Amino acid sequence: MLILHAIGFRSDLQDLELDEANLLDITCVSAGELAAIVSSVRPGGENLFEDADSVRALALAHHHLLQAVSHHCDALPIQLGALHSDPETVRKALETHAQDWARQLEGVAGCCEVSIQVTAKQQQTGENAQAIRGGRDYLKARRAQRDQRRSNVTNGEAGMAHLQDALTPMARRFAAGSTDLRFLVERQQLDNFLAAAAAAQTSDAMAGLAVQATGPWPVYSFMEAA
């Protein structure tokens with residue numbers, strides 16, 4: 001049994017050397033101009049996804065492997081859980097999806113993913129610090145918390161819209177989550193992009209918001225389903 005981890009062009013992956021030792025027998029299976037990075041499942045490990053500890057360990061190893069591959073060349077990260085019975089079924093998948101995967105690889109060529117997380121800053125006020133002495137104080141505190149949550153949502157949406165407007169022109173593509181924005185950024189422009197993200201945080205639109213940029217990551221958010 002093989003776990004499929006990533007897809008890339010054969011010319012990029014054929015000389016790939018990895019120092020990863022967390023997965024067994026990491027190897028490359030190729031068909032035409034494409035190749036896949038796969039690893040072997042231990043004998044009797046067909047049910048490994050049913051054990052929470054095994055899944056956590058495998059997910060971490062999978063991420064480290066994708067990081068190593070993406071630092072070496074352009075690659076499409078495959079969601080953990082794609083199992084194949086043998087190398088021949090991997091080759092068949094490569095042949096079946098060759099045109100689509102080649103198109104996607106060209107679309108992310110030279111790029112990495114950057115995530116911008118937006119959260120409300122913790123606010124401590126004298127009113128919040130007061131002891132609740134009775135039902136009236138309790139209801140007042142609940143209303144204040146509700147209003148603060150609504151304000152946080154409104155401010156967060158405005159802040160994300162500001163960051164999207166400021167940073168999208170510097171990215172090839174973007175994807176929006178509930179509290180974050182993910183950008184497909186050319187690696188050569190990564191430093192400039194992160195500098196622009198830091199500058200955008202000083203805007204009045206970001207008042208009361210905390211912003212954290214992380215990356216570069218494999219292009220998780222820009223891999224289309226096969």
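No experiment lies behind these values; they were computed from the predicted model shown.
- A pairwise comparison of heavy atoms in Ala197 and Ile116 identifies CB-CD1, 4.1 Å as the closest pair.
- Across Pro169 and Asp165, no two heavy atoms sit closer than the pair CD-O, 3.3 Å.
- Note: the hydrophobic cluster containing Ile7 does not contain Tyr220 (ILVMFWY, side chain heavy atoms under 4.5 Å, direct or indirect links).
- Within the model, atoms OG of Ser39 and CE of Met1 stand 12.0 Å from one another, a figure rounded to the nearest 0.5 Å.
- Both Leu194 and Phe174 belong to a single network of hydrophobic side chains, linked directly or stepwise wherever heavy atoms of I, L, V, M, F, W or Y lie under 4.5 Å apart.
- Both Val185 and Met170 are part of a single hydrophobic cluster, where members link through side-chain heavy atoms under 4.5 Å apart.
- Nearest heavy atom pair, residue Ala93 against residue His84, reads CB-CE1, 3.9 Å.
- Residue Cys111 is tested with Glu186, Arg173, Gln189 for a side chain to side chain contact (heavy atoms under 4.5 Å, CB included); the sole match is Glu186.
- The only member of Ile3, Ile37, Val69 that meets side chain to side chain contact (heavy atoms under 4.5 Å, CB included) when paired with Ile26 is Ile37.
- Using a 4.0 Å cut-off between charged side-chain N and carboxylate O, Asp180 and Arg182 make a salt bridge.
- Expressed to the nearest 0.5 Å, how far CE of Met160 lies from CG of Leu181 amounts to 4.0 Å.
- By the criterion of side-chain heavy atoms lying less than 4.5 angstrom apart, applied directly or through intervening Ile, Leu, Val, Met, Phe, Trp or Tyr residues, Leu167 is grouped together with Leu209 in one hydrophobic cluster.
- The two residues Ala6 and Leu66 make their nearest non-hydrogen contact at CB-CD2, 3.8 Å.
- Residues Val108 and Gln104 fail the side-chain proximity criterion, which asks for heavy atoms closer than 4.5 Å.
- For the side-chain hydrogen bond (donor to acceptor under 3.5 Å, both in side chains) condition, the pairs that include at least one residue of residues 70-81, sequence neighbours left out, are Asp74-Arg187.
- Between Ala36 and Val90, the shortest heavy-atom contact is CB-CG1, 3.8 Å.
- Between Leu105 atom CG and Arg103 atom CZ the span is 10.0 Å, to the nearest 0.5 Å.
- Clustering ILVMFWY residues whenever any of their side-chain heavy atoms sit less than 4.5 angstrom apart, transitively, puts Val219 in the very cluster that holds Met223.
- Listed here is the closest heavy atom pair of Glu95 and Ala31: CG-CB, 4.0 Å.
- The distance from the CG atom of Leu13 to the OG1 atom of Thr27 is 11.0 Å, given to the nearest 0.5 Å.
- Side chains of Leu83 and Leu4 form no contact here, defined as non-hydrogen atoms less than 4.5 Å apart.
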>> Pair Leu60, Arg56 - check side chain to side chain contact (heavy atoms under 4.5 Å, CB included), show working.
In response: CA-CA 6 Å; Leu60 183 60; Arg56 281 192 291 269; over 6 Å; no

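- For the pair Ser85 and Leu2, the minimum side-chain heavy-atom distance is 4.5 Å or more.
- Ring geometry for His5 versus His62: interplanar angle of 30 to 60°, hence tilted.
- Under the ring-ring contact (aromatic ring centres under 6.0 Å, His included) criterion, the residue pairs touching residues 185-213 are Phe183-Phe193, with sequence neighbours excluded.
- Side-chain atoms of Ser11 and Glu33, non-hydrogen and from C-beta on, never get closer than 4.5 Å to each other.
- At a threshold of 4.5 Å between non-hydrogen side-chain atoms, the residues Glu224 and Asp100 count as touching.
- For the pair Phe222 and Arg172, the minimum side-chain heavy-atom distance is 4.5 Å or more.
- No side-chain heavy atom of Val114 sits less than 4.5 Å from a side-chain heavy atom of Thr214.
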